[in-house]
Amino acid sequence: MIIIGNTFSTIYEIVKKIPRGKVATYGQIALYAGNPRLSQVVGFALHSNPDRENIPCHRVVNRFGDISSSFAFGGENEQRELLLAEGVEFVNQTKVNLEKCLWDGE
DNA sequence: TTAATGACCTATC
DNA sequence: CGATAGGCCATTA
């Protein structure tokens with residue numbers, strides 16, 4: 001595999017490690033990446049999304065478990081459907097049950 | 001190279 | 001309690 005850069009690579013690796021049926025927050029990923037303030041960069045990394053086929057960006061949500069309405073790769077509804085298909089519980093139309101589906105970090 | 005922006009988070013008024 | 005401002009890091013133009 002080709003290492004493009006430290007931050008991006010790390011973020012991608014972490015996102016790819018998210019188990020099926022669970023979700024992770026930007027801050028959490030940033031924390032695992034090495035810096036809690038990378039949360040913004042995490043969003044940027046996923047925004048670039050060079051490997052959207054291998055990177056489950058739909059499993060990444062903000063700190064409240066709310067889906068990003070600004071991006072919505074295929075529409076907010078699409079992301080919600082993908083998460084539901086993996087067994088992620090929702091508390092409402094755009095919010096996931098972090099209590100049950102939050103990634104523990106392996 | 002510099003400046004501006006961003007799928008965020010936290011603290012303060 | 002609700003809304004606003006600022007700050008952090010990296011990428012893009």
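Each chain gets a letter, A, B and so on, in the order the sequences are listed, and its residues count up from 1.
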> Taking it one step at a time, do A/I11 and A/V41 satisfy side-chain contact (heavy atoms from CB on, under 4.5 Å)?
Replying inline: CA-CA 9 Å; A/I11 293 170; A/V41 181; 4.1 Å; yes

> Linking I/L/V/M/F/W/Y whenever any side-chain heavy atoms sit under 4.5 Å apart, do A/L83 and A/I14 land together?
Replying inline: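 As far as the 4.5 Å side-chain criterion goes, A/I14 and A/L83 are not connected within one cluster.
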
>> Side chain of A/F44, heavy atoms from C-beta onward: which of C/dT11, B/dA7, C/dC9 has the nearest atom to it?
In response: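 The answer is C/dT11, which lies nearest to the side chain.
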
> Which nucleotide in the list C/dA10, B/dA7, C/dC8 gets nearest to the side chain of A/L46?
Replying inline: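 The listed nucleotide nearest to A/L46's side chain is B/dA7.
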
> What string of B, S and - do you get for nucleotides 8-13 of chain B 5' to 3' if you count protein non-hydrogen atoms under 4.0 Å?
Replying inline: BSS---

Measure [atom1]/[X] against [atom2]/[N] and give the value in whole Å, please.
{"X": "A/Y32", "N": "C/dC9", "atom1": "OH", "atom2": "P", "answer": "21 Å"}
{"X": "A/I29", "N": "C/dC9", "atom1": "CD1", "atom2": "C1'", "answer": "15 Å"}
{"X": "A/L31", "N": "C/dC8", "atom1": "CG", "atom2": "P", "answer": "18 Å"}

> Hey, is A/R20 close enough to A/E86 for a salt bridge, meaning N to O under 4.0 Å?
Replying inline: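 Judged by the 4.0 Å cut-off on N to carboxylate O distance, A/R20 and A/E86 do not form a salt bridge.
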
> Looking at A/Y12 and A/A45, what are the two nearest heavy atoms and their distance?
Replying inline: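 What the structure gives for the nearest pair is OH-O, 3.1 Å.
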
> Can you name the closest pair of heavy atoms from A/L98 and A/L102 and give their distance?
Replying inline: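 Result for this residue pair: O-CB, 2.8 Å.
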
>> The test is side-chain hydrogen bond (donor to acceptor under 3.5 Å, both in side chains); show your working for A/Y26 and A/S68 and say whether it passes.
In response: CA-CA 11 Å; A/Y26 293 96; A/S68 311; 3.0 Å; yes

> Hey, is the side chain of A/H47 poking within less than 4.0 Å of OP1 or OP2 on B/dA7, counting only N and O atoms?
Replying inline: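 Yes, within the criterion.
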
